[in-house]
Every structure is written in structure tokens, then in C-alpha cells.
Amino acid sequence: MQRTHTCGELTEKNIGEVVTLCGWVYTRRDHGGLIFVDLWDKTGLTQVVLNPQIDKLAHQEAQSLRGNFVIAVQGKVRARPEDMVNLKLKTGAIEVYIDELEILNPSSTPPFSCWENQEVGEALRLKHRYLDLRSSELQRNLELRYKITRTVRDVLHQKGFIEIETPILTKSTPEGARDYLVPSRLNPKKFYALPQSPQLFKQTLMVSGMDRYFQITKCFRDEDLRQDRQPEFTQIDMEMSFVDEDQLFSLAEEMIATTYKETLGIEVETPFPVLKYKDSMNRFGTDKPDLRFGLEIVDVGEVVRGAGFKVFTQALDAGGQVKAINVKGSAESLSRKALDDLTEVAKTYGAKGMAWIKIQENGLQSPIIKFFDKEMLDRLIETVNGEPGDIIVFSADTPAIVADSLANVRLALARLLKLIDEKKIKLAWVTEFPLVEYDAEEKRYVAMHHPFTSPMEEDLDKLQSTPSEVRARAYDLVLNGNEIGGGSIRIHSKEIQERMFKMLGIDKEEAELKFGFLLDALQYGAPPHGGIAFGLDRIVMILAGASSIRDVIAFPKTQKATCLMTQAPSEIDPKQMNELKLKYDLR
RNA sequence: GGGGUCGUAGUUCAGUUGGUUAGAAUGCCGGCCUGUCACGCCGGAGGUCGCGAGUUCGAGUCUCGUCGGCCCCGCCA
């Protein structure tokens, strides 16, 4: 029997036609004389009817049907009696009277029902991922994922990009994340690394005159997993020659806006606002601010300097900061318990505690006001624009801890007070990142983005003197508080690249050993170029409204980076170890 | 490396202060049923309480360890 229609397309227009449907038994309702089967495929459900008066044999055979059996049926489309129309189904106006039934494949009883809305443990769902993927939610997510990549390919194609594949077996690169390694059988004691990104290859392609490259490709980083992070993930990677930030931003904006339009039918405004890293850190404590709500951070260090409150003065004396958030109108809604919980949030990010002041009509309430004189309190309240009904929360510590703790207290507050409008889409560029940051452990500067990121021209003279003040031509794209992409204008001058390596403490031999091929390439007419890479999984997750990256990946890993379906990773045969000339040395 | 949380029929869960034979719903199996659509009615089967020690006359329940899922810190150029 050859399928003539899918299970989601028959309507009144097909009444009278003889059709053949194939699909899975969704439910079977056996009335003894009459059997109803809801037949499922990814397009929908169709009710088929087995009536012994239409075909005795088919009816008899249908008694053995069970859930998830794969069947083919042939019969005539009929209108349902008027009061039997099922408005819940697209195909609810019709049903198919079957005169031929073929069981293509029976099914064991599955460990869980993939169609019912019963909450099933994620471990079990991952073990039987093929069943879980039948659910409408995952079907919808994977379809959205495909629509997004298709739109991206369309847009980039129109803009003159070509997709070029780069190696998966490649060279281990220093810095950055931990590499996944693959032993080389033909070259004992040597290893390939799986790429953390195609970074070096795409820059090399610019030297080749490819002009505009993109690739939707897997990247690998052997680090711990999170809700929005997998060791194996997909980047939309791109690179362009002869561009500056403006051209690159507008292209990326068009790509994102078109994606929203084509997949969700939503118009997003372009151009996206641009926020300098420094301003983002000052106002939100993070380089990926969620701009859907306010609760901005205010520096009150100068106001409280010299107060009798040791927590503040000690932080300031040690070169730290005191910053605050005015939680407008929250005096009623934020309980003592909520403030304790927020304090725990602050502590998670290194703060030793979280001070607060409640402004009431009849004065201030707080465990710390006794340490301040009235004049200082007045100025403090004025600085944060405080009014009766507000609560001011404080963090005092090193700049990094103040930023980190308040950024996360801010997010927790927004969730607690339900300040986030889920319909809002707030995209922004964050620019002028520091080129390097000091690594206390390694006692040297390390590239914040990567060592090929171009410094800003006006900061070039600080490369030697004050490296930490040099700003980079690097940028991130932030969507509702998530970093969804990042990139930079690259260094194409050999001279600047050498100064960069010098600052990072990488000598000539080391540079040659680690990045030799790119450095060679850059000597042979490297055009000015820059690029960006987007995290596809995160973008799909946000557009799908999914709560975990696992919900937009067909076969995701668990938090311990295993696959419950394939049981990867697994032990290997000693023969394979011998071939690779590898030996365990477990400690 | 660290913190939190969960683990009991196939599944989702309940299980009191440590006390008789561990329950419910759903699913599954059998029977009945010609207008259901999460069909209905009757009956039945189904448990290494994640695993291992310990405390106790007695452990699903308490203690320790361990394994696994999830969330978080660190980590993620």
C-alpha cells in the first residue's frame, strides 16, 4: 500500500476519496463492534474507523492493534456526523472508513508515553530519546532549529557568503578551553584535537581571498556542562574581509532580524543598541545584561566613604567598591526571607553578605543605619533616588565581586518581582572589551577574546605600558541576558601581532609552535578582516522558549557529558589501545 | 574540585514517630461493549523501595559510603 496522504491533511474537501494513510497507533478505542484508531504521524492525527460491516477482516485484525504499532490503512474519507466533529483535531471534521489494514510493524509497550503530557524523568527520556523525540514539543523545536539554519543560510548566501568546511581533526591550541583529544594511530604519541572553533582556519581563508566565509559547524570544549552549555555545540561561524564593525553589525542584525521574522513572524528593531563593556559593567555588573527590566546598579562609594560601617570602609580602603540597587516600590513585596535568599545569591558569587535599607514613610529601617550619620544617609538616599517604599541593597567588595554579586542579585530580583516581560526581545551589542585580563594564577596577561583580536587603534600606545587598559575591537551580541554571539576585528599586521604576543608573554618559538600556520599566512597579503560566531543552540533555545539546551538538540549529553542512549563514552577494546600504542596509568 | 536536590510498581507520585502483608493514579494483560475521541464497565498481574554497609528486636523511613539524573559555584581564549 502506497501512502497517499499524511495524517494531518485530510479535510471536508477530501470526502469521498479513497486514501491510504501510514502512521503509528496513537490510541485505540475498541467498542466491541466498532473500533476507532487515532493514527499519528508528525503532521497530525486522523481518526480511522474499523467497522465489521465495511470490512470484517480488517476489523478483526484491528483487535490486535496496540499503541505505537506502525500500520497502513486504506479506506474512504467520510464526513463525521455533525455532533461527532472533533474540534481539537485539524482533521476532526472527517474520518476514514477502513477496508484494508496492514500491520507494518508491531511495537513493544514503550517505557513511557511520548504523546501524553505526563512529566517523565529526563534520564529515562534521554535513554529512549527516539521516543521522546516523537513529542510535539521536541518535534517543534527541531523543526524550528532547521528553519533557523535554513534562514541563516539563505541570508548569508544572498550576501555573497559561501559555506566552507574546516577540519574536525585538527591541532590542539593553547589557551581557551580544555581540548578533546584524538590519538593518531599513524603518528604514535601525537594527538589531534577537536576544534574549539574554526577560528584559525577562517582567518586563513580570508588570506586565501575567500572574502566572505560561513559555516554551521560543531565545536568542542571539554568543560563542565550547564543548562545552556554542552561540550559539543554548534556555531554559526562567519568571517569577512575588508569590513569594520559597522558593516559587520548591520549584516549580523539583518541575519538575526530575518531569522525572527521568518521563523516566529516577529519584527525586531534594527540597528541594535550598542553598549560599551565599561558601561555595561557599571550599570548591570555583567557583560551580558538583560535589558528587559531596569534595576540598574549605582556606585555609592564616594557617598559612604568615611562612614562608621566597617564592611563598606574596609572594601573602599582596599581599593574596592560599594554599589547599590534601588529596588523601587518593593518594601511591601520583599519579605525578610526574600532578602535573606537574595543574600545567599550574593554569597554564591563571592560576596560576604548583602546590606539593605528599607525606606518607609516614617524613616529608614535597616540593620546598618546606626553606622551612618544623618547627613550621609540623606546623601545616600538621594544618590540612589530613594523614596518611601523602596529597598536599597548593597554590595561592598572588590570590583569583580561587587559586579558579579549585584548582577545576579539583579536577575534574582527581576524573577522574584516578576519584572521580566517574556514577550520582550532585547538585543544589544557590547563593545570595547578589554583586550587582555591579568591571570593571577599564571601571573601573566591572557587574551580576553583570543590572541588575534585587534586592539583599538587609539589604545595602541598602551600595549606595553598599561595592557589592562587597552580596549579590543571585540564585540558580543546579547539577547535577553544571554550571550548569543561574539567576535572581533582581527589583527592583520605582523608587527602588531608580534607586539600582542610579546605582551602575552609568548615568545617567537612558542608562537611559531602553536600558531605557526596562521602567522605564516598573515605574512602573505592578509586583508583586514573580522568575523563573528553565534551559538546556534542558544539561539534556538531562546526562540523556542525552551528551558534547557537539551530541548533543542536531537541527541544531547547529560551533565556528566554522557549519552544515555548510546552509552558513550565507553571502554574500548585492548586491541584498539594497542593499535594506538596507548596505556592506562590510572591514579 | 565544591554546594544543593531528587531516586519507591512500566510511568508519575503518596508512604505519619522506625512497627502487621508498601498504596493511589495511569499504563499493561484478560473479558464485555456500534459513535468513541485521554471511550466506558468488570477482573487480573505487576515492587532487589538505585546499590552497599551500619545502627536497631525491627529500616522505604535513621547514619555512612557509593552510583545515577537535574540545578548552581569554579571552569567555559
Side-chain angles (χ1 to χ4, degrees), chain A residues 26-39 45-54 59 63 66-68 78 80-89 91-92 95 97 108-128 131 173-179 196-197 199-200 219-231 233 344-345 347-351 404-405 408 412 433-437 439 441-442 445-453 472 474 483 486-488 504 506 514-515 533 535 547-548 550 557-560 562 564:
Chain A
Y26 185 87
T27 53
R28 180 189 62 120
R29 294 178 292 280
D30 185 348
H31 288 237
L34 207 56
I35 298 174
F36 298 96
V37 171
D38 286 343
L39 196 62
L45 285 174
T46 301
Q47 172 164 286
V48 303
V49 187
L50 292 117
N51 187 328
Q53 285 159 5
I54 304 273
H59 176 264
Q63 285 171 342
R66 294 294 181 272
N68 297 285
R78 296 200 187 177
R80 292 198 191 190
E82 213 164 297
D83 52 338
M84 303 295 167
V85 168
N86 186 344
L87 297 172
K88 282 186 271 182
L89 298 183
T91 61
E95 56 196 359
Y97 274 66
S108 304
T109 302
F112 58 91
S113 167
C114 32
W115 294 308
E116 255 171 68
N117 281 334
Q118 189 168 221
E119 289 283 317
V120 180
E122 196 168 5
L124 191 72
R125 292 196 284 117
L126 288 174
K127 185 175 178 200
H128 303 277
L131 294 176
T173 49
E175 326 228 344
R178 200 174 289 115
D179 282 322
Q196 295 180 28
S197 85
Q199 184 61 37
L200 304 184
C219 301
F220 307 87
R221 295 178 191 175
D222 187 4
E223 299 292 348
D224 287 357
L225 292 86
R226 287 286 188 281
Q227 205 166 25
D228 64 348
R229 217 166 74 193
Q230 273 231 135
F233 61 101
E344 286 308 310
V345 171
K347 281 182 176 171
T348 303
Y349 295 89
D404 216 11
S405 59
N408 285 287
F433 279 81
L435 185 67
V436 294
E437 54 192 345
D439 186 324
E441 235 171 79
E442 297 202 24
Y445 289 100
V446 294
M448 195 156 169
H449 189 57
H450 60 63
F452 309 103
T453 299
E483 181 201 325
S488 62
L504 296 172
I506 300 174
K514 289 170 174 170
F515 314 107
S547 53
S548 164
R550 294 185 298 279
K557 300 274 189 288
T558 68
Q559 192 161 46
K560 281 193 73 187
T562 67
L564 294 179

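Fair warning: this is a prediction, and the values are worked out from it, not measured in the lab.
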Record whether the side chain of [X] comes under 3.5 Å of the base of [N] through a donor-acceptor pair of N or O atoms.
{"X": "A:Glu119", "N": "B:U11", "result": "no"}
{"X": "A:Arg550", "N": "B:C70", "result": "no"}
{"X": "A:Asp224", "N": "B:G74", "result": "yes"}
{"X": "A:Glu95", "N": "B:G35", "result": "yes"}
{"X": "A:Arg229", "N": "B:C76", "result": "yes"}

A:Pro52, nearest nucleotide to its side chain (from B:U36, B:C72, B:U34):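 Taking heavy atoms from C-beta onward, the closest nucleotide is B:U34.
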
Contacts of type side chain to side chain contact (heavy atoms under 4.5 Å, CB included), residue A:Thr91, not counting sequence neighbours: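 Per chain and number, A:Thr91 pairs via side chain to side chain contact (heavy atoms under 4.5 Å, CB included) with A:Thr46, A:Leu89, A:Ile94.
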
Nucleotides 39-44 of chain B: protein proximity per nucleotide (B base, S sugar-phosphate only, - neither; heavy atom, under 4.0 Å): B-----

Aromatic plane relationship, A:Trp115 with A:Tyr26 - under 30° parallel, 30 to 60° tilted, over 60° perpendicular: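 Judged by the thresholds at 30° and 60°, the geometry between A:Tyr26 and A:Trp115 is tilted.
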
Rounded to the nearest angstrom, tell me the gap between atom [atom1] in [X] and atom [atom2] in [N].
{"X": "A:Gln559", "N": "B:G3", "atom1": "CD", "atom2": "C1'", "value": "12 Å"}
{"X": "A:Gln63", "N": "B:C29", "atom1": "CD", "atom2": "P", "value": "14 Å"}
{"X": "A:Trp115", "N": "B:G27", "atom1": "CH2", "atom2": "P", "value": "15 Å"}

Set of ring-ring contact (aromatic ring centres under 6.0 Å, His included) partners for A:His59, sequence neighbours left out: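 Not a single residue meets the ring-ring contact (aromatic ring centres under 6.0 Å, His included) criterion with A:His59.
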
Sugar-phosphate only, base, or nothing, as touched by A:Thr173 at under 4.0 Å among non-hydrogen atoms: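 The residue A:Thr173 makes no contact with any strand.
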
